[in-house]
Amino acid sequence: MTNDDAARPVLITLKWVPEFARGLVRDLRVRWALEEAAIPYRVELVDADEKMLPAYRALQPFGQVPAYRDGALRLFESGAIVHHIAAASPVLMPADAAARSRTLSWMFAALNSVEPALLALADVDLSAAAAGASLRRPALLAQAQTRLADLNRVLEGRAYLLGGFTAADILMASVLNIVRHTPLVAAYPHLHAYHQRCRARPAARKAHADQMALYEGAWRGETEIR
Ligand SMILES: N[C@@H](CCC(=O)N[C@@H](CS)C(=O)NCC(=O)O)C(=O)O
């Protein structure tokens, strides 16, 4: 490893995930933010057993991914990691204090108001273990549609959530990916155009390709957790 490599932030994620999760693992948000901010980074991988070990729990208390190291700083929660990257990047956060707070509102909205509704629906649709889940589906679908219809209204006449692109769009577009197994997003024209616009960004494409390359065995890197 060169000195340059050693100074780079490190994204820690899962070595392998089942097919249905590929392209959805939350390291994607962090990769995307790093690409937008033009920050080179390294990737370290953990497997299902390693992420249960104390060394990893010290980084991510719930044994989940992603986790992140930036110098002496250790972070977990994808939203917090994206915020950390965004706070130092004019591409991802406006300079004005009020606009930064509004960006944060939309970042929380993506993770707190939209993601749970879409995850609940995806869980029922994609989890074989969700016994009796079909009974709940109509209510969960209605809940997801309510959120998406509200977002569709917000996005009418706007390229991005705050007008210009911010870290909030990384989180929101990544959250919308959760229902990629349904035609839900496509049913809302402003939301659909927004989602396509976000996904077409070169940084988004690169982040997605890099995550997928991992599972296709095209990625070679370090796996040691320090
Ligand atoms: N709120 C957390 C959720 C993290 C999360 O659910 N990660 C998933 C992958 S996307 C995971 O690690 N799943 C494996 C597990 O929970 O054991 C975040 O945004 O970082």
Side-chain angles (χ1 to χ4, degrees), residues 9-37 41 43-70 73-87 92 103-130 140 144 147 161 166-182 198-199 204 207-216 219 221 223 225:
V10 180
L11 170 63
I12 300 143
T13 191
L14 275 171
K15 203 174 275 184
W16 181 90
V17 297
E19 191 104 28
F20 76 86
R22 296 178 185 185
L24 294 178
V25 180
R26 287 172 176 82
D27 67 71
L28 186 80
R29 305 157 182 197
V30 178
R31 291 177 187 271
W32 184 356
L34 288 163
E35 293 292 342
E36 293 280 1
Y41 63 101
V43 175
E44 290 180 358
L45 301 175
V46 282
D47 64 24
D49 294 333
E50 285 164 338
K51 74 184 180 60
M52 307 311 284
L53 298 175
Y56 187 71
R57 294 287 175 134
L59 274 177
Q60 216 294 359
F62 307 111
Q64 295 184 310
V65 299
Y68 190 75
R69 292 198 313 266
D70 186 3
L73 180 67
R74 273 118 175 89
L75 287 176
F76 64 99
E77 284 294 332
S78 58
I81 301 168
V82 169
H83 179 258
H84 167 72
I85 297 161
L92 295 173
T103 305
L104 206 51
S105 285
W106 277 112
M107 291 175 75
F108 276 100
L111 301 180
N112 221 5
S113 297
V114 182
E115 187 166 46
L118 303 192
L119 272 180
L121 184 65
D123 190 43
V124 157
D125 288 348
L126 303 176
S127 164
L140 295 176
R147 290 288 187 264
L161 287 166
T166 67
D169 299 301
I170 293 180
L171 296 180
M172 193 63 83
S174 303
V175 162
L176 294 174
N177 290 341
I178 292 169
V179 287
R180 67 183 179 180
H181 66 289
T182 73
C198 289
R199 284 157 37 100
H208 183 264
D210 286 348
Q211 183 180 104
M212 297 307 283
L214 192 61
Y215 313 126
E216 286 151 15
W219 188 88
T223 60
I225 298 298

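Just follow the structure's listing: the first ligand is 1, and inside any ligand the first atom is 1. Since we're looking at a predicted model, the values are computed, not measured. Along the sequence shown, residues carry numbers from 1.
For atom 10 (S) of ligand 1, the nearest protein heavy atom (residue, atom name, distance) is R26 NH1, 3.1 Å. Taking atom 16 (O) of ligand 1 as the reference point, the nearest protein heavy-atom neighbour is Q64 NE2, 3.0 Å. Counting protein heavy atoms only, atom 15 (C) of ligand 1 is closest to K51 NZ, 3.6 Å. Atom 19 (O) of ligand 1 has its closest protein heavy atom at S78 OG, 2.6 Å. Closest protein heavy atom to atom 7 (N) of ligand 1: V65 O, 2.8 Å. E77 OE1, 2.7 Å is the protein heavy atom nearest to atom 1 (N) of ligand 1.
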Full working for side chain to side chain contact (heavy atoms under 4.5 Å, CB included) between L34 and V30:
CA-CA 6 Å; L34 288 163; V30 178; 3.9 Å; yes
From CA spacing to verdict: side chain to side chain contact (heavy atoms under 4.5 Å, CB included), R31, T13
CA-CA 11 Å; R31 291 177 187 271; T13 191; 4.1 Å; yes
From CA spacing to verdict: side chain to side chain contact (heavy atoms under 4.5 Å, CB included), W16, R22
CA-CA 9 Å; W16 181 90; R22 296 178 185 185; 3.0 Å; yes
Quick one: do K51 and L14 satisfy side chain to side chain contact (heavy atoms under 4.5 Å, CB included)? Show the steps, please.
CA-CA 8 Å; K51 74 184 180 60; L14 275 171; 3.7 Å; yes
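For the residue pair R29/S174, the side-chain donor-acceptor check at 3.5 Å is not satisfied.
In this structure, A21 does not count as a contact residue of ligand 1, since none of its heavy atoms falls inside 4.0 Å of the ligand.
Which parts of ligand 1 touch P66 is read off a 4.0 Å heavy-atom cut-off, strictly below it: atoms 20 (O).
Between D169 and W32, the shortest heavy-atom distance links the atoms O-CH2, 4.2 Å.
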